[in-house]
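Indexing begins at 1, ligand by ligand and atom by atom, following the structure's order.
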Amino acid sequence: MTRNLFIGEREFFPGIGKIRYEGRSSDNPLAFKFYDPDRVIGGKTMEQHLRFAVCYWHTFRGTGADPFGPGTQIFPWDEPADRMDAARARVDAAFEFFSKLGVPYYCFHDRDIAPEGDNVATSERNLRAMTELAAERQQATGVKLLWGTANLFSHPRYMNGAATNPDFNVVTHAAAQVKAALDATVALGGENYVFWGGREGYASLLNTDTRRELDHLGRFMAAARDYGRAIGFKGTFLIEPKPMEPSKHQYDFDAQTVVGFIRHYGLEGDFKVNVEANHATLAGHSFAHELQMCADAGLLGSIDANRGDPQNGWDTDQFPVDLYDTVSAMLVVLENGGLHSGGLNFDAKVRRESVDPEDIFIGHIGGMDAFARGLAIAHDLIEQSPLVANRASRYASFDNGDGAAFACGDLGLEALRDIAAANGEPASISGRQEWLENLVNQYI
Ligand code: XLS
Ligand code: NI
Ligand code: NI
């Protein structure tokens with residue numbers, strides 16, 4: 001007898017078993033070609049390096065609806081008419097999916113797993129009930145919570161912002177939600193807690209005092225931190241940058257903006273950054289650039305793994321399959337010493353036209369394979385290629401002598417001027433970018 005791979009009373013993905021590693025030559029679409037969780041790379045298994053998570057919102061609350069038409073993805077977990085019954089069915093479907101796919105983690109918003117009630121107390125009660133069920137399913141499957149968060153953007157009350165709303169009454173509702181979401185995250189052993197501020201921004205300066213709004217956001221984050229620590233949250237708080245959509249101007253524009261915010265409001269030590277690939281694109285940056293800015297600041301927290309569309313300027317949240325992107329990202333992650341308490345959360349959805357439950361598996365399998373390859377290639381580039389040594393050698397003139405004296409602040413402008421005058425015109429040194437690009441392709 002093989003153990004049931006489903007959890008509740010019903011199997012939601014019949015005909016799909018545990019997804020296994022079959023290697024590159026397999027033609028089974030429901031198998032990993034590269035992600036072999038137990039394969040050791042640089043002293044850690046692929047599973048330990050990559051720390052994959054499935055997101056609840058796209059995968060179990062997405063329907064394929066877009067501004068021009070309703071949902072196309074009619075899945076059985078949405079069938080129950082009662083909202084709490086549907087919520088329970090989704091938990092069972094979700095944990096069946098996590099187990100069959102073999103991901104160690106998941107992530108959710110409060111409203112993904114429990115319906116909002118008519119008032120604060122009912123919403124809290126709904127969330128507590130669903131948290132208890134999720135805790136049982138975590139226990140039964142071994143799947144863990146990478147992070148929890150509160151949805152502070154869907155309800156109409158948040159149209160002018162949540163923590164940055166000009167109306168204090170709205171700010172209190174945002175606080176009530178974050179308090180309950182932190183309670184749930186702690187109860188479920190969540191390793192991080194995320195703030196993505198989709199409506200923390202503004203549309204017009206004519207009606208907005210940006211300085212007060214940002215100060216309120218700083219106060220709000222500090223209050224959340226204090227509450228979280230008071231109830232025993234040991235994990236990392238994360239802010240997820242995004243420049244726009246839904247708001248015109250969002251305060252958490254990009255990684256460097258968020259790093260500045262964290263430092264300005266004294267939140268370092270508790271807060272780091274959750275970098276999403278598609279948000280990097282929207283900010284006019286590459287994914288790797290955003291990761292590098294966080295790593296440099298010691299604030300690389302976690303990753304929302306997806307990709308945008310090179311021709312469309314919105315958050316298409318596609319599954320990451322571009323190898324060049326995953327290699328570039330994993331180069332930064334490996335040089336950062338790994339993701340630590342973060343992970344690779346697939347904030348990604350299948351296309352509206354992909355209507356089979358199997359498509360959801362295939363989307364995740366593709367993303368996991370792309371990052372597994374990215375990891376292996378990046379590891380080889382760091383360990384075997386001249387990449388790292390070449391980069392270091394470009395800065396060799398700062399390693400000793402006057403260069404080192406300048407770097408530690410011992411040389412002023414006049415001394416630097418005298419060195420320039422004495423040494424004359426510098427030699428012209430090639431950056432050799434084409435050689436390095438070819439090297440990356442050679443390892444791919
Ligand atoms: C939306 C964001 C969102 C966060 C969680 O664009 O990516 O899904 O990750 O609130
Ligand atoms: Ni995201
Ligand atoms: Ni996004």
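- Phe261 and Tyr265 have tilted rings, their planes meeting at an angle from 30° to 60° on a 0 to 90° scale.
- Considering every non-hydrogen atom in both Phe195 and Ala224, the closest pair reads CZ-CB, 3.6 Å.
- For Trp57 and Phe108, the gap between ring centers reaches or exceeds 6.0 Å.
- The Ni ion (ligand 3) is closest to atom OD2 of Asp315 (considering only N, O or S atoms).
- Aromatic ring pairs are classed by plane angle as parallel below 30°, tilted from 30° to 60° and perpendicular above 60°; the pair His279 and Trp196 is tilted.
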Check ligand 1 for N or O atoms under 3.5 Å from a protein N or O and list each pair with its distance.
residue: ligand 1; atom: 6 (O); partner: Lys242; partner atom: NZ; Å: 2.9
residue: ligand 1; atom: 6 (O); partner: His279; partner atom: NE2; Å: 3.1
residue: ligand 1; atom: 6 (O); partner: Asp315; partner atom: OD2; Å: 2.9
residue: ligand 1; atom: 7 (O); partner: Glu240; partner atom: OE2; Å: 2.7
residue: ligand 1; atom: 7 (O); partner: Glu276; partner atom: OE1; Å: 2.7
residue: ligand 1; atom: 7 (O); partner: His279; partner atom: NE2; Å: 3.3
residue: ligand 1; atom: 7 (O); partner: Asp347; partner atom: OD2; Å: 2.7
residue: ligand 1; atom: 8 (O); partner: Trp57; partner atom: NE1; Å: 3.1
residue: ligand 1; atom: 8 (O); partner: Asp347; partner atom: OD2; Å: 3.0
residue: ligand 1; atom: 9 (O); partner: Glu240; partner atom: OE1; Å: 2.7
residue: ligand 1; atom: 9 (O); partner: Glu240; partner atom: OE2; Å: 2.9
residue: ligand 1; atom: 9 (O); partner: Asp304; partner atom: OD2; Å: 2.9
residue: ligand 1; atom: 9 (O); partner: Asp347; partner atom: OD2; Å: 2.9
residue: ligand 1; atom: 10 (O); partner: His109; partner atom: NE2; Å: 2.6

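- Inside a sphere of radius 2.8 Å centred on the Ni ion (ligand 2), the protein N/O/S atoms present are Glu240 OE2, Glu276 OE1, Asp304 OD2, Asp347 OD2.
- Two rings, from Phe52 and Tyr35, have their centers less than 6.0 Å apart.
- Checked against the 6.0 Å centroid threshold, Phe153 and Tyr158 do not count as a close aromatic pair.
- Pairing each heavy atom of Arg39 with each of Ala376, the nearest pair is NH2-CB, 4.0 Å.
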Check your understanding: Do Phe97 and Phe13 pass the ring pair (Phe, Tyr, Trp, His ring centres under 6.0 Å) test, and can you show the C-alpha distance, the side-chain angles, and the key distance before you say yes or no?
Key -> CA-CA 8 Å; Phe97 180 79; Phe13 301 95; 5.7 Å; yes
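- Defined by atom type and a distance below 3.5 Å, a donor-acceptor pair is missing between the side-chain atoms of Thr172 and Asn169.
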